[in-house]
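Working notes for the structure below.
Position 1 is the first residue of the sequence, and the numbers go up from there.
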Amino acid sequence: MNIARTISEYTEAVRIAGEQLMLHKLRSLLTALGVIIGVWAVILMGTAIKGIDKGFSDSLDMIGDDILYVQRWPWSDVGDDWPKYVNRPNIEVTDAAEINDWIDSHPESLLRIAAPTTETGGNVRRKNRDASQIYMWGSSAESSMMNTADLEYGRFFTYAEELSRAPVVVLGYDVADVLFPEGIDQAVGESITIKNYKFRVIGVMERQGSFLGMFSMDKQVSMPHTSMSRISQNKWNNSLRVQIVEGADPELAVDQLTGVYRSIRGLLPGEDNDFEVNRSEALEDQLGPVKTGLAIAGFGITGLALFVGAIGIANITFVSVKERTREIGTRRAIGARRRAILLQFLAESVSICLLGGLIGILFAFGTKSLLVKAAPNFPFTFSSDLIVMAFGLSVVVGILSGLAPAWQAARLDPANALRHE
């Protein structure tokens with residue numbers, strides 16, 4: 001009997017809350033505004049952070065988390081120390097061969113293989129079609145062993161082509177798509193022009209996507225580094241990529257590579273390194289402050305909006321108790337328990353917050369759709385756990401904001417309430 005009565009009280013509380021929402025639509029909507037803004041902010045913040053994490057994870061898959069990069073500059077903000085780095089000597093492509101010689105003579109090495117990288121940029125032309133702002137990089141035949149992406153068509157260049165400075169290239173998917181509208185499967189064997197030099201297409205990479213939603217991995221052209229010298233003599237951005245042995249400790253591998261390269265550079269004990277060994281973890285460290293900033297901003301807006309919303313809901317609920325004092329007295333006089341009155345007003349405040357939460361979710365989804373159109377390469381992630389968190393926040397705010405006025409209503413004396421004007 002008590003269970004049936006309890007269920008009846010809950011059902012009645014929900015029914016009355018629904019009636020009040022329908023009776024005061026505009027007031028309920030305005031009251032829920034703070035919750036709407038708070039839920040909207042927390043979902044967008046969570047979506048952005050999840051997108052950054054997903055983008056970083058996908059990007060690591062592209063570049064490989066087992067690759068070390070020997071470069072002039074560190075992957076961090078150098079601040080006022082930039083003169084120290086700008087005056088460092090260039091990385092020489094021949095250094096990769098010396099590292100490979102050392103690896104061959106040390107079978108227990110944590111390093112697997114090294115390959116040089118030279119870089120430039122420019123346009124690629126085929127007949128009357130141009131692909132602009134293309135990233136071009138030259139490397140050795142060994143770099144094919146480090147690639148995480150596969151070839152869609154054709155093959156990678158060989159050691160013989162590297163030695164002979166053969167004018168051959170492997171196109172990124174988007175470059176091939178622009179230059180060969182009749183179909184990228186027609187690209188292999190055709191000629192393209194880069195800075196007035198003819199190159200023969202020997203392969204097309206599969207679609208890879210973008211790095212951190214910013215740099216497209218499909219807008220690139222690769223070739224032997226010896227062939228790169230035809231179109232660029234710039235050594236400013238030369239680097240070495242060194243793959244570590246599977247299962248090796250990255251920190252120990254960095255130390256080992258640092259020692260090997262110091263020896264190649266002829267640095268004496270006590271002399272500072274004139275190069276950097278970078279790894280993907282440095283990128284993650286740089287993303288940390290970005291995610292922290294987003295979280296602080298998101299939680300700040302959310303907290304302020306929900307606080308203002310909670311005050312507004314509490315105020316409206318107090319007003320509702322005042323307006324319906326005689327109704328409360330009547331319900332108490334005919335047998336309604338204090339708990340039923342408490343549940344009635346708690347259900348009303350929670351229902352307002354749930355309405356705000358639902359509208360906030362819809363607004364967040366709409367905003368996310370607009371952002372996807374504005375930044376299609378950024379991996380915005382709208383997940384179900386964010387929706388659950390949003391509804392959970394709405395319920396908590398509804399209970400906290402409605403508890404005091406609901407308690408006041410439940411404590412009213414029936415006789416005094418019936419005499420209320």
Side-chain angles (χ1 to χ4, degrees), residues 62-64 66-70 91-101 103-104 111-126 131 134-180 183-208 211 215-235 237-243:
M62 293 178 197
I63 66 174
D66 60 346
I67 305 295
L68 305 179
Y69 297 84
V70 181
I91 305 295
E92 298 295 336
V93 294
T94 53
D95 294 341
E98 293 196 51
I99 294 175
N100 284 327
D101 289 342
I103 293 172
D104 291 340
L111 311 177
R112 178 170 176 262
I113 197 165
T117 299
T118 59
E119 304 175 24
T120 190
N123 298 340
V124 182
R125 170 178 284 271
R126 176 190 174 242
I134 303 303
Y135 168 70
M136 303 175 196
W137 62 281
S139 191
S140 63
E142 287 87 356
S143 62
S144 63
M145 301 171 63
M146 302 183 192
N147 281 347
T148 56
D150 293 325
L151 287 162
E152 188 79 13
Y153 300 102
R155 61 176 176 82
F156 208 70
F157 54 84
T158 64
Y159 183 60
E161 288 170 328
E162 176 190 343
L163 287 179
S164 64
R165 301 179 65 208
V168 293
V169 292
V170 177
L171 304 181
Y173 194 96
D174 286 351
V175 180
D177 194 39
V178 170
L179 299 180
F180 298 89
I184 62 172
D185 57 323
Q186 305 296 312
V188 176
E190 294 292 323
S191 293
I192 62 171
T193 303
I194 303 175
K195 298 183 180 180
N196 297 322
Y197 287 93
K198 291 286 186 180
F199 288 83
R200 180 168 56 90
V201 178
I202 60 171
V204 177
M205 300 298 295
E206 67 177 4
R207 190 181 292 279
Q208 300 178 71
F211 183 78
F215 170 72
S216 174
M217 301 292 285
D218 299 312
K219 293 185 64 175
Q220 59 175 304
V221 171
S222 61
M223 65 186 72
H225 67 88
T226 51
S227 306
M228 176 73 82
S229 61
R230 297 169 182 264
I231 59 175
S232 175
Q233 298 293 328
N234 179 29
K235 296 183 178 181
N237 288 323
N238 284 1
S239 63
L240 305 175
R241 291 185 298 158
V242 182
Q243 188 176 44

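- Note that CE of Met223 is 10.5 Å distant from CD1 of Ile202, once rounded to the nearest 0.5 Å.
- Partner of Ile134 under the side-chain contact (heavy atoms from CB on, under 4.5 Å) criterion, out of Val124, Leu171, Asn123: Val124 alone.
- Asn237 CG to Ile91 CD1: the interatomic distance, rounded to the nearest 0.5 Å, is 11.0 Å.
- Of all heavy-atom pairs between Ala141 and Tyr159, the closest is CB-N, 3.6 Å.
- Within the 4.5 Å cutoff, the side chain of Val201 has heavy atoms near those of the Ile192 side chain.
- The heavy-atom pair separating Pro224 from Glu162 by the smallest distance is CB-CA, 3.9 Å.
- Between Arg241 and Ser143, some side-chain heavy-atom pair lies under the 4.5 Å cut-off.
- Here CZ of Arg112 is found 8.5 Å from CG of Asp66. Values are rounded to the nearest 0.5 Å.
- Taking CD from Glu161 and CZ from Arg155, the interatomic distance works out to 4.0 Å, rounded to the nearest 0.5 Å.
- Closest approach of Ala115 to Ala96, counting heavy atoms only: C-CB, 4.0 Å.
- Qualifying salt bridge (charged side-chain N to carboxylate O under 4.0 Å, His left out) partners for Asp174, counting only residues two or more places apart in sequence or in other chains: Arg207.
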Would you please test Leu179 and Glu190 for side chain to side chain contact (heavy atoms under 4.5 Å, CB included) and show each step?
CA-CA 10 Å; Leu179 299 180; Glu190 294 292 323; over 6 Å; no
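- Between Met136 and Ser232, every side-chain heavy-atom pair lies at or beyond the 4.5 Å cut-off.
- Considering every non-hydrogen atom in both Ala114 and Asn100, the closest pair reads N-OD1, 2.8 Å.
- Once rounded to the nearest 0.5 Å, the distance linking CD1 of Ile113 with CD1 of Ile67 reads 10.0 Å.
- Side-chain atoms of Glu119 and Tyr135, non-hydrogen and from C-beta on, do get closer than 4.5 Å to each other.
- Distance alone, capped at 3.5 Å, is enough to place a donor-acceptor pair between the Gln233 side chain and the Ser229 backbone.
- Ser227 places a side-chain N or O within 3.5 Å of a backbone atom of Ala166 that can act as its donor or acceptor partner.
- Asp218 places a side-chain N or O within donor-acceptor distance of the main-chain N or O of Gln208, the cut-off being under 3.5 Å.
- Checked against side-chain contact (heavy atoms from CB on, under 4.5 Å), Val188 has the following partners two or more places apart in sequence or in another chain: Tyr153.
- Environment of CG in Asp104: crowded, with over 12 heavy atoms of neighbouring residues, nucleotides or ligands closer than 6.0 Å.
- By the 4.5 Å heavy-atom criterion applied to side chains, Ile231 and Phe199 are counted as neighbours.
- In this view, Glu92 and Lys235 satisfy the salt bridge (charged side-chain N to carboxylate O under 4.0 Å, His left out) rule, not counting sequence neighbours.
- The side-chain heavy atoms of Gln220 and Met205, taken from C-beta on, include no pair separated by under 4.5 Å.
- Although no hydrogens or angles enter the test, the distance criterion places a donor-acceptor pair under 3.5 Å between the side chain of Ser139 and the main chain of Pro116.
- Leu163 is not listed as a side-chain neighbour of Thr226, based on a closest heavy-atom distance of 4.5 Å or more.
- One finds the OG atom of Ser140 at 10.0 Å from the CE atom of Met145 (value rounded to the nearest 0.5 Å).
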